[in-house]
Each structure stands twice: as structure tokens, then as C-alpha cells.
Amino acid sequence: MTRRPTLLAALTLTAAAALTLSACGSDDSSKSKDDDKIAGAETGEKASPSTTPNEPDPTGRPKIDLPSDVTYEFAWKKTGDARKDAVLHDAEQRIRAVDMAIAKQAPLDKAYRFYSEGAAAAESQKYIQEFVDHKARTTGLTRYYNESLTLKGDGTAALVYCEDQSKAFNKFLKTGKTDVTPVTKDSYVVYAGTLRKNDKGVWVTERLISQRGSAKCQP
């Protein structure tokens, strides 16, 4: 089972997100299915527990409630631009919502579909189903950093960021066992996504690609 495999191969990056993703269309399936690590997202510069749910707001945003052993460190900086900060917030919520769906073993959970649409939502469903099939979920700490965000003239946003999975793992539900795997260059993943503000005022992810072992993300 892979952790956050490549979701989509159809994404156009902007110049501001200057990054070579020559292998983005590749699939992580060539690796052993139990060798990669797993994790999710929260706000703040320090890792924080994910047990405090987000209260619904007038836009109908879902409450996200995760197991206490699923924690995150978001090193994404506040930009001071309200639109950019909103994009980063909703991208974070999507990540957390996917991990909540995994924890609930619910491939059609409404929360992640609130923050993603189209192909991205469909691929997330397949990804969550993989955990369900293996009767596993995420555990541990995941760090997100080195973000690059560009607002485009067509109303979409291009977001590139890194994920550190070195302290995040698979936890198997039947046995309670955590599969602690060694840290390698592939523990660091770069993502590139396209987001669009929908009629509810939510920045939904429409496309997302990834590449393991990216030089951009190595410590």
C-alpha cells in the first residue's frame, strides 16, 4: 500500500511554481505496497493533535475529527493576502479530510468531497479505498513545507508543496500494529495542485500530482 500516490498527471504549473516534475505522471505502484509511509494535516508551526474538530460555518464546512495519534506540522507561512491564505487553509482542510475518511474507512465521506471535485475527488476515493481494502489507516506526524502558491488570471490557484512522511506510518486495524519503516529519500514527496473557488466560496482541489524523492523536498 502506498502513501499518497500520484493522483493525477494532468496539471499545468505556472512559472512562479518553478519546479521540474518530470516523473509526476509515474505511479508509486512499483514499490512494495506495505513499504511507504502515511499521514495528513493541521495548522500551526508546531505539530498539534487533530482531536479538536472544526465547527461548521455558514458555508457548510464539515467538522473534521481525527484520531489523536494523527498529527501534523504545517510550516506554510501566512502570506498576508486574504485570497492566498484562504487557498492554503482549504488545501490543508482537504488533506485532513482525506485522512479522516481513511480513519473512518469511508471512501465516499462527504468531508473530503467538500474540498475536492472532479478528477481529484475521484482519485481520492480510489486512494481511500486502498486503505479500506488493506484495513489500515494513517498514524504519526506529517510535516508540510516549502509551499509555493500562485493565483492565476483564470481564477484558479497553483499550489506546490512538500510532505515529510518520515514520522508517519501505516497502522493496521485488525492487529493495531504500526508498520514503522526506515526513512529514505522517498519519505519526502512534492505535490502540485490546481484549486478553484467554487460557488460556496471554498477553494476546491481539482487536480493533484505527486513525485516521491524530489530534490526540492529533501532535508
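None of the values given here were measured: they were computed from a predicted structure.
- One finds no salt bridge joining Lys197 and Asp90 here, because no Lys/Arg side-chain nitrogen approaches an Asp/Glu carboxylate oxygen to under 4.0 Å.
- Using a 4.5 Å heavy-atom cutoff, the side chains of Trp203 and Leu159 are not in contact.
- Annotation: the span from Arg143 atom CZ to Trp76 atom CH2 amounts to 12.5 Å, rounded to 0.5 Å.
- Listed here is the closest heavy atom pair of Thr205 and Ala120: O-CB, 3.4 Å.
- Using a 4.5 Å heavy-atom cutoff, the side chains of Val98 and Tyr115 are not in contact.
- In this structure, Ala75 and Glu147 approach most closely via the heavy-atom pair O-OE1, 4.0 Å.
- Residues satisfying the side-chain hydrogen bond (donor to acceptor under 3.5 Å, both in side chains) criterion with Asp154, sequence neighbours excluded, are Thr156.
- Of all heavy-atom pairs spanning Gly193 and Leu208, the tightest one is CA-CD1, 3.8 Å.
- Of all the heavy atoms in Val189 and Asp186, the pair that sits closest is CG2-O, 4.2 Å.
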inquiry  = Assess the residue pair Phe169 and Asp179 against the criterion (side chain to side chain contact (heavy atoms under 4.5 Å, CB included)); give the C-alpha distance rounded to whole Å, side-chain angles, the decisive distance to 0.1 Å, and a yes or no.
reply    = CA-CA 6 Å; Phe169 309 99; Asp179 186 18; 5.5 Å; no

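- Taking CZ of Arg83 as the start and CG of Leu88 as the end, the distance is 12.5 Å to the nearest 0.5 Å.
- Scanning all heavy atoms of the two residues, the minimum distance from Glu163 to Tyr144 falls at OE2-OH, 2.7 Å.
- Using a 4.5 Å heavy-atom threshold, the side chains of Met100 and Lys63 count as separate.
- One finds the NZ atom of Lys171 at 10.0 Å from the OG1 atom of Thr138 (value rounded to the nearest 0.5 Å).
- No side-chain donor-acceptor contact under 3.5 Å links Gln105 to the backbone of Ala101.
- Counting only heavy atoms from C-beta outward, the side chains of Phe74 and Ile95 approach each other to under 4.5 Å.
- Between Tyr145 atom OH and Lys216 atom NZ the span is 9.5 Å, to the nearest 0.5 Å.
- Under the 3.5 Å distance criterion, the side-chain polar atoms of Arg207 are left unmatched by any main-chain donor or acceptor of Ala119.
- At least one side-chain heavy atom of Arg196 sits under 4.5 Å from a side-chain heavy atom of Asn198.
- By the 4.5 Å heavy-atom criterion applied to side chains, Val70 and Arg137 are counted as neighbours.
- Considering only heavy atoms from C-beta on, Tyr188 comes within 4.5 Å of Asp164 through its side chain.
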CA sep, side-chain torsions, deciding dist, call: Val87, Leu149, side chain to side chain contact (heavy atoms under 4.5 Å, CB included) = CA-CA 9 Å; Val87 172; Leu149 173 60; 3.7 Å; yes

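- Note: Thr71 OG1 to Asp99 CG = 10.5 Å, rounded to the nearest 0.5 Å.
- Rounding to the nearest 0.5 Å gives a distance of 10.0 Å between CG of Leu66 and NZ of Lys104.
- Contact between Leu151 and Ala157 at its shortest, heavy atoms only, is CD2-CB, 3.8 Å.
- Side-chain contact between Phe114 and Gln93 is absent, with no heavy atoms from C-beta onward closer than 4.5 Å.
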